[in-house]
Amino acid sequence: MGEWTIWAGFAAGLLISTVTAPVGVSGAVFLLPVQLSVLGVPSPAVTPTNLLFNVVAGPGALWRYRRDGALRGRLARRLVAWTLPGVVAGAAIRVFALPGPAVFRLLVAAFLLPIGAWLCLRTLRPARLRPDTGELSQQVLAALALTVGVIGGIYGIGGGSLLGPILAARGVPMSRLAPATLAATFTTSTAGAVAYAVLALVSSGPVAPDWWLGLACGAGGLVGGYLGARFQPHLPETALRLLLGALAAGLGALYAVQALA
């Protein structure tokens, strides 16, 4: 791996995490296409490499949120408890059932397009959607976190990009939501990276993470995540949500075209 790839990974992790940390997303959902298409990480190794990014990058934002007292409460503990088993199951599905790049790109598109459209719509038309602002019951939250964990294990993300908009639509304030989803992302990504390392021992092909690139991206994300969490109270939330939605929808459309071409 060339030196330019390491520095490119660091820069990508830094820029993406700075933008996404304030809304409770680690940035892995946007880093994965960069790794796959620009940095040339093979599939399925790109998934554990992305999880490794979350493991290294996560403490930056979490330390800042903890310093500000934003990590208190039960939401983070509940999300972690149910996403953990899901991410292990998702890792096994990714290695043994979805190894091909074409199928993987379709999965990326199916995930990013609706999430991006939803983020934009929720931001532009919050009053007309009339969400039920009551918080989710424990049973529904458990089912949601388990499902997100499976998707996260398959896709190489901790699940914050899914949990964030769903919980926000239920009226959970961003100051409470962002630390909780980032905590779940960090914990489940650690479990997912370990699961892929174990599966690499019994699987053929590029299953183990690209360690150097994952560490480089994570180092950039560590700095960017801290900066994003530090400046969250001063950043325009509406603009950030629109940016996240546009990026997700645009990347999803690109991968749909590539997969069907």
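Treat the numbers as computed from the prediction; the structure is a model and nothing was measured. Along the sequence shown, the residues carry numbers beginning at 1.
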Inset, instruction - For Ala229 and Ala61, work out which heavy atoms get closest and say how close. - result: CB-O, 3.9 Å
Inset, instruction - Return the minimal non-hydrogen interatomic distance between Ser17 and Pro22, and the atom names on each side. - result: O-CD, 4.4 Å
Inset, instruction - Report yes or no: does Thr181 contribute a side-chain atom to a donor-acceptor pair with the main-chain N or O of Gly24 at less than 3.5 Å? - result: yes
Inset, instruction - Please examine the side chains of Val88 and Val194, heavy atoms only from C-beta on, and report whether any two atoms are closer than 4.5 Å. - result: no
Legend entry - side chain to side chain contact (heavy atoms under 4.5 Å, CB included) partner of Ser26, chosen from Leu182, Thr20, Asn50: Leu182
Legend entry - Contact check, side chains of Leu163 and Leu144, non-hydrogen atoms, under 4.5 Å: yes
Inset, instruction - With rounding to the nearest 0.5 Å, note down the distance linking CG in Leu79 to CG in Leu141. - result: 5.5 Å
Legend entry - Hydrophobic cluster membership, Leu222 vs Leu227, 4.5 Å side-chain cutoff: no
Inset, instruction - Establish, from distance only, whether the side-chain atoms of Asp210 and Thr49 form a donor-acceptor pair under 3.5 Å. - result: no
Inset, instruction - Could you check if a side-chain atom of Tyr226 sits within less than 4.5 angstrom of a side-chain atom of Arg67, using non-hydrogen atoms only? - result: yes
Inset, instruction - Only counting residues at least two apart or in another chain, list the ones meeting ring-ring contact (aromatic ring centres under 6.0 Å, His included) with Trp211. - result: none
Legend entry - Contacts of type side-chain contact (heavy atoms from CB on, under 4.5 Å), residue Val257, not counting sequence neighbours: none
Legend entry - Side chains of Leu106 and Leu260 in contact at under 4.5 Å (non-hydrogen atoms): yes
Legend entry - Point-to-point distance, once rounded to the nearest 0.5 Å, from CZ of Arg230 to OH of Tyr65: 12.0 Å
Inset, instruction - Could you tell me whether the side chain of Val56 reaches within less than 4.5 Å of the side chain of Phe186, counting heavy atoms only? - result: no
Inset, instruction - Could you walk me through whether Asn54 and Thr185 pass the side-chain hydrogen bond (donor to acceptor under 3.5 Å, both in side chains) test, one step at a time? - result: CA-CA 7 Å; Asn54 281 339; Thr185 294; 5.8 Å; no
Legend entry - Heavy-atom closest contact (Ala12 atom, Val34 atom, distance): CB-CG1, 4.3 Å
Inset, instruction - Identify the heavy atoms of Ala109 and Pro114 that sit nearest to each other, and give their distance. - result: O-CD, 4.0 Å
Legend entry - Any side-chain heavy-atom pair of Thr187 and Thr83 under 4.5 Å: no
Inset, instruction - Dump the intermediate steps for side chain to side chain contact (heavy atoms under 4.5 Å, CB included) on Val55 and Leu51, then the final yes or no. - result: CA-CA 6 Å; Val55 173; Leu51 290 172; 5.6 Å; no
Inset, instruction - Check the surroundings of atom CZ in Arg66: do more than 12 heavy atoms from other residues, nucleotides or ligands lie under 6.0 Å from it? - result: no
Legend entry - Phe53 side chain reached by Ser189 side chain, heavy atoms, under 4.5 Å: no
Legend entry - salt bridge (charged side-chain N to carboxylate O under 4.0 Å, His left out) partners for Arg64, two or more places apart: Asp68
Legend entry - Check: Val80 and Thr188 side chains under 4.5 Å, non-hydrogen atoms: no
